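Numbers for residues simply follow the sequence, beginning at 1. Fair warning: this is a prediction, and the values are worked out from it, not measured in the lab.
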Amino acid sequence: QVQLVESGGGSVQAGGSLRLSCAASGSTSSSNRMGWFRQAPGKEREGVATISSDGSYTYYADSVQGRFTISRDNSKASLYLQMNNLKPEDTAMYYCAAACDFGIIACLEQGRFSYWGQGTQVTVSS
């Protein structure tokens, strides 16, 4: 069992930056692929970014490519999402996810992760 706790959300103006963190505990393993997802009110959950177990490979949704950066520190069992040039359409609850048995592209597109955090709210005002 893996527990995931997100932090770092908040309210910013358009063009601003935030850094989300996700702390993993329990039966963590550096072999897990991890990712970030988001869900806005009235919309379906969408994949934001995924990262391979060692951090060598990353994959991003087109909507955040070039603005967001996913990274991980396995020594700290932590996942991060640096978000720059934020836009109002980035407003959503952001969730950390761990343990996907597929490639990072499929993991992002299908969201087939075994463990999910409770989420942290990001609000971007224009």
Side-chain angles (χ1 to χ4, degrees):
Q1 196 75 4
V2 176
Q3 294 79 43
L4 303 171
V5 179
E6 302 95 336
S7 61
S11 298
V12 296
Q13 290 190 328
S17 298
L18 283 174
R19 188 189 193 216
L20 305 184
S21 298
C22 173
S25 61
S27 301
T28 60
S29 169
S30 62
S31 64
N32 286 336
R33 295 171 181 84
M34 299 187 74
W36 288 98
F37 291 76
R38 66 186 182 186
Q39 187 167 20
K43 295 187 177 181
E44 293 187 355
R45 185 186 67 196
E46 66 170 331
V48 175
T50 48
I51 189 167
S52 61
S53 58
D54 65 356
S56 296
Y57 299 97
T58 58
Y59 184 68
Y60 298 91
D62 289 344
S63 58
V64 306
Q65 178 75 47
R67 299 187 298 122
F68 291 10
T69 302
I70 187 172
S71 62
R72 65 190 296 167
D73 185 341
N74 288 337
S75 68
K76 298 180 179 179
S78 293
L79 178 72
Y80 307 100
L81 185 68
Q82 177 66 44
M83 305 185 294
N84 297 329
N85 190 23
L86 283 160
K87 303 176 180 181
E89 51 264 41
D90 295 319
T91 295
M93 186 72 79
Y94 283 71
Y95 298 92
C96 170
C100 176
D101 292 333
F102 302 90
I104 57 173
I105 296 176
C107 289
L108 184 76
E109 294 178 345
Q110 300 176 23
R112 298 173 70 174
F113 286 85
S114 298
Y115 303 103
W116 296 83
Q118 294 298 309
T120 184
Q121 177 69 37
V122 172
T123 302
V124 184
S125 58
S126 57

Check [X] against [Y] and note the closest heavy-atom contact, atom names and distance.
{"X": "Asn84", "Y": "Ser17", "value": "OD1-OG, 3.0 Å"}
{"X": "Arg33", "Y": "Gly103", "value": "NE-CA, 4.3 Å"}
{"X": "Ala40", "Y": "Ala92", "value": "N-CB, 3.8 Å"}
{"X": "Met34", "Y": "Leu4", "value": "CE-CD2, 4.2 Å"}
{"X": "Pro88", "Y": "Ser125", "value": "CG-C, 4.5 Å"}
{"X": "Arg67", "Y": "Leu86", "value": "NH1-CA, 3.9 Å"}

Supply the atom-to-atom distance Ser21 OG to Arg72 CZ, rounded to the nearest 0.5 angstrom.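 Interatomic distance, Ser21 OG to Arg72 CZ, rounded to 0.5 Å: 14.0 Å.
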How long is the gap from CD on Gln3 to SG on Cys96, to the nearest 0.5 Å?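 The distance works out to 12.0 Å.
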Hey, quick one: are [X] and [Y] part of the same hydrophobic cluster, counting side-chain heavy atoms closer than 4.5 Å, chains of contacts allowed?
{"X": "Ile104", "Y": "Leu79", "result": "no"}
{"X": "Ile70", "Y": "Leu108", "result": "no"}
{"X": "Met93", "Y": "Val122", "result": "no"}
{"X": "Tyr94", "Y": "Val64", "result": "yes"}

Count the heavy atoms of every other residue, nucleotide or ligand shown that sit under 6.0 Å from CD of Gln118, and state whether that count exceeds 12.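 Result for CD/Gln118: open.
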Using a 3.5 Å distance criterion without hydrogens, assess whether the side chain of Asp54 forms a donor-acceptor pair with backbone atoms of Ser56.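 Here the side-chain-to-backbone pair exists.
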Evaluate the side-chain proximity of [Y] to [X]: yes if any heavy-atom separation is below 4.5 Å, no if none is.
{"X": "Asp90", "Y": "Met83", "result": "no"}
{"X": "Tyr60", "Y": "Thr69", "result": "yes"}
{"X": "Phe68", "Y": "Leu18", "result": "no"}
{"X": "Trp36", "Y": "Cys22", "result": "yes"}
{"X": "Ser63", "Y": "Glu46", "result": "yes"}

Quick test of your reading: applying ring pair (Phe, Tyr, Trp, His ring centres under 6.0 Å), list the pairs with at least one residue in residues 96-126, sequence neighbours left out, ordered by first then second residue.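 As it turns out, the ring pair (Phe, Tyr, Trp, His ring centres under 6.0 Å) pairs with a partner in residues 96-126, which skip direct neighbours, are Phe37-Phe113, Phe37-Trp116.
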Carefully, step by step, assess Thr91 and Gln121 under the rule side-chain contact (heavy atoms from CB on, under 4.5 Å). CA-CA 8 Å; Thr91 295; Gln121 177 69 37; 4.1 Å; yes
Using side-chain contact (heavy atoms from CB on, under 4.5 Å) as the criterion, point out the one residue from Ile51, Val48, Thr120 that pairs with Leu81.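 Among Ile51, Val48, Thr120, the one that satisfies the side-chain contact (heavy atoms from CB on, under 4.5 Å) with Leu81 is Val48.
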Enumerate the side chain to side chain donor-acceptor pair (under 3.5 Å) contacts for residues 4-16, please, sequence neighbours excluded, ordered by first and then second residue.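 Sorted result for residues 4-16: empty, none.
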